[in-house]
Amino acid sequence: ELPATTEFGSPRALLVVDRQDGWLQVALPDRPNGSTGWIRLDDGVELREVDERVEIDLAARTLTLLDGDDVVLTTPVAIGSPDAPTPTGDFYLVDKLATGDPDHAYGPFAFGLSAHSDVLTEFAGGDGQVGIHGTADPTSIGNPVSNGCIRVPNDVVLTLAGRLVPGTPVTILA
């Protein structure tokens, strides 16, 4: 069982990966990455279609926002360091958090993903959750310097904040 809200108070959203005979297979925001579970469709589930998705290419160090098949934007990003690499796989947006401060270490917004670090079991009091966020250090963009998170320029994180909702699919490619 999962609570109706995340630890940050966001309404719980899950990504549907399959449907079978009145059941939904959903991606879970827990360890290990790639975990899934099943919920009954008739258990008061509200389904919403999300047209936008995010693709992150670690080799190219880019994030691309797509709306259907249309590219909305592509931007350079900072990725995880060799000691704390960004995990790869299919994930989704769990939390959308405003920091209220463009000079905050995470910039004006941070998005928690269903992804968790493969090497950090804890970070800043949390469980090693990976995120996409802005940065107070724009010189880090394009470099492998984070603890696994994806850093984007603050103007880009503001654009993402205006478009992305919990449940948005995020694919991270090697």
Side-chain angles (χ1 to χ4, degrees), residues 1-20 23-41 43-58 61-67 72 75 77-81 84-99 105-107 109-135 146-152 156-157 159-174:
E1 288 187 29
L2 293 171
T5 59
T6 69
E7 67 179 276
F8 294 107
S10 301
R12 177 73 61 199
L14 301 170
L15 181 67
V16 175
V17 295
D18 194 13
R19 294 177 188 217
Q20 292 183 16
W23 288 83
L24 301 172
Q25 185 180 23
V26 295
L28 297 175
D30 296 323
R31 291 180 187 272
N33 288 329
S35 295
T36 63
W38 291 88
I39 56 176
R40 284 188 193 94
L41 185 55
D43 278 351
V45 173
E46 179 184 341
L47 294 175
R48 292 185 185 176
E49 192 166 320
V50 177
D51 293 327
E52 295 183 310
R53 68 185 193 283
V54 174
E55 291 182 359
I56 297 163
D57 184 328
L58 298 177
R61 296 183 189 156
T62 58
L63 176 148
T64 301
L65 172 63
L66 298 115
D67 186 348
V72 175
T75 186
V77 298
I79 63 172
S81 71
T86 303
T88 59
D90 293 318
F91 307 105
Y92 63 95
L93 199 88
V94 175
D95 289 294
K96 177 178 166 178
L97 307 166
T99 69
Y106 297 150
F109 274 91
F111 302 94
L113 300 180
S114 61
H116 290 82
S117 172
D118 290 328
V119 297
L120 299 175
T121 57
E122 182 276 331
F123 180 76
D127 64 357
Q129 181 181 17
V130 173
I132 299 170
H133 58 76
T135 181
S146 79
N147 286 308
C149 288
I150 304 299
R151 294 182 193 170
V152 300
V156 172
V157 85
T159 298
L160 296 176
R163 298 188 68 117
L164 301 183
V165 297
T168 299
V170 176
T171 299
I172 303 176
L173 306 164

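Predicted, not measured: the structure shown is a model, and the values here were computed from it.
Looking at every heavy atom in both residues, Ala13 comes nearest to Gly167 through CB-N, 3.8 Å.
Partner of Leu24 under the side chain to side chain contact (heavy atoms under 4.5 Å, CB included) criterion, out of Asp18, Leu47, Val17, Leu14: Leu47 alone. Results of the side chain to side chain contact (heavy atoms under 4.5 Å, CB included) test with Pro29 over Asp127, Leu2, Thr6 single out Leu2 as the only residue that passes.
Sorted by first and then second residue, the salt bridge (charged side-chain N to carboxylate O under 4.0 Å, His left out) pairs involving residues 23-41 (not counting sequence neighbours) are Arg40-Asp43. Within the structure, salt bridge (charged side-chain N to carboxylate O under 4.0 Å, His left out) pairs that include any residue of residues 159-173 comprise Glu52-Arg163, Asp67-Arg163 (at least two apart or interchain).
Atom CD1 in Ile150 sits 4.5 Å away from atom CD1 in Ile56 (nearest 0.5 Å). Once rounded to the nearest 0.5 Å, the distance linking CG of Asp90 with OG of Ser114 reads 9.0 Å. If you take CG on Leu63 and CD1 on Ile79, they are separated by 12.5 Å, rounding to the nearest 0.5 Å. In this structure, CG on Leu65 lies 8.5 Å from OG1 on Thr168, to the nearest 0.5 angstrom. Here the OG1-CD distance, from Thr64 to Glu55, works out to 6.5 Å after rounding to the nearest 0.5 Å. Rounding to the nearest 0.5 Å places CZ of Phe109 at 9.0 Å from CG of Leu97.
Not counting sequence neighbours, Arg61 has no partner by the salt bridge (Lys or Arg N to Asp or Glu O under 4.0 Å) test. With sequence neighbours excluded, the residues satisfying salt bridge (Lys or Arg N to Asp or Glu O under 4.0 Å) with Glu46 are Arg48. Residues meeting the side chain to side chain donor-acceptor pair (under 3.5 Å) test with Thr36, sequence neighbours left out: Gln25. In this view, Ser10 and Asp95 satisfy the side chain to side chain donor-acceptor pair (under 3.5 Å) rule, not counting sequence neighbours. Under the rule for a side-chain contact (heavy atoms from CB on, under 4.5 Å), the partners of Val130 that lie at least two apart in sequence or sit in another chain are Pro87, Leu113, Ala115. Applying the side-chain contact (heavy atoms from CB on, under 4.5 Å) criterion to Ala84, with sequence neighbours excluded, gives Ser81, Val119, Leu120, Asn147. In this structure Ser35 satisfies the side chain to side chain donor-acceptor pair (under 3.5 Å) test with no other residue, sequence neighbours excluded. His116 meets the ring pair (Phe, Tyr, Trp, His ring centres under 6.0 Å) test with no other residue; sequence neighbours excluded. Contacts of Asp57 classified as salt bridge (Lys or Arg N to Asp or Glu O under 4.0 Å), with partners at least two apart in sequence or in another chain: none.
You'll find the side chain of Pro169 reaches within 4.5 Å of the side chain of Val50, heavy atoms only.
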**Item:** Check against side-chain contact (heavy atoms from CB on, under 4.5 Å), Val157 and Phe111
**Value:** CA-CA 9 Å; Val157 85; Phe111 302 94; 3.7 Å; yes
**Request:** Determine, stepwise, if the pair Gln129 / Val94 fulfils side-chain contact (heavy atoms from CB on, under 4.5 Å).
**Result:** CA-CA 10 Å; Gln129 181 181 17; Val94 175; 4.2 Å; yes
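Looking at Tyr92, its side chain does come within 3.5 Å of a backbone N or O of Ala27 through a donor-acceptor pair. With hydrogens and angles ignored, the 3.5 Å screen pairs a side-chain donor or acceptor of Lys96 with a backbone N or O of Ala161.
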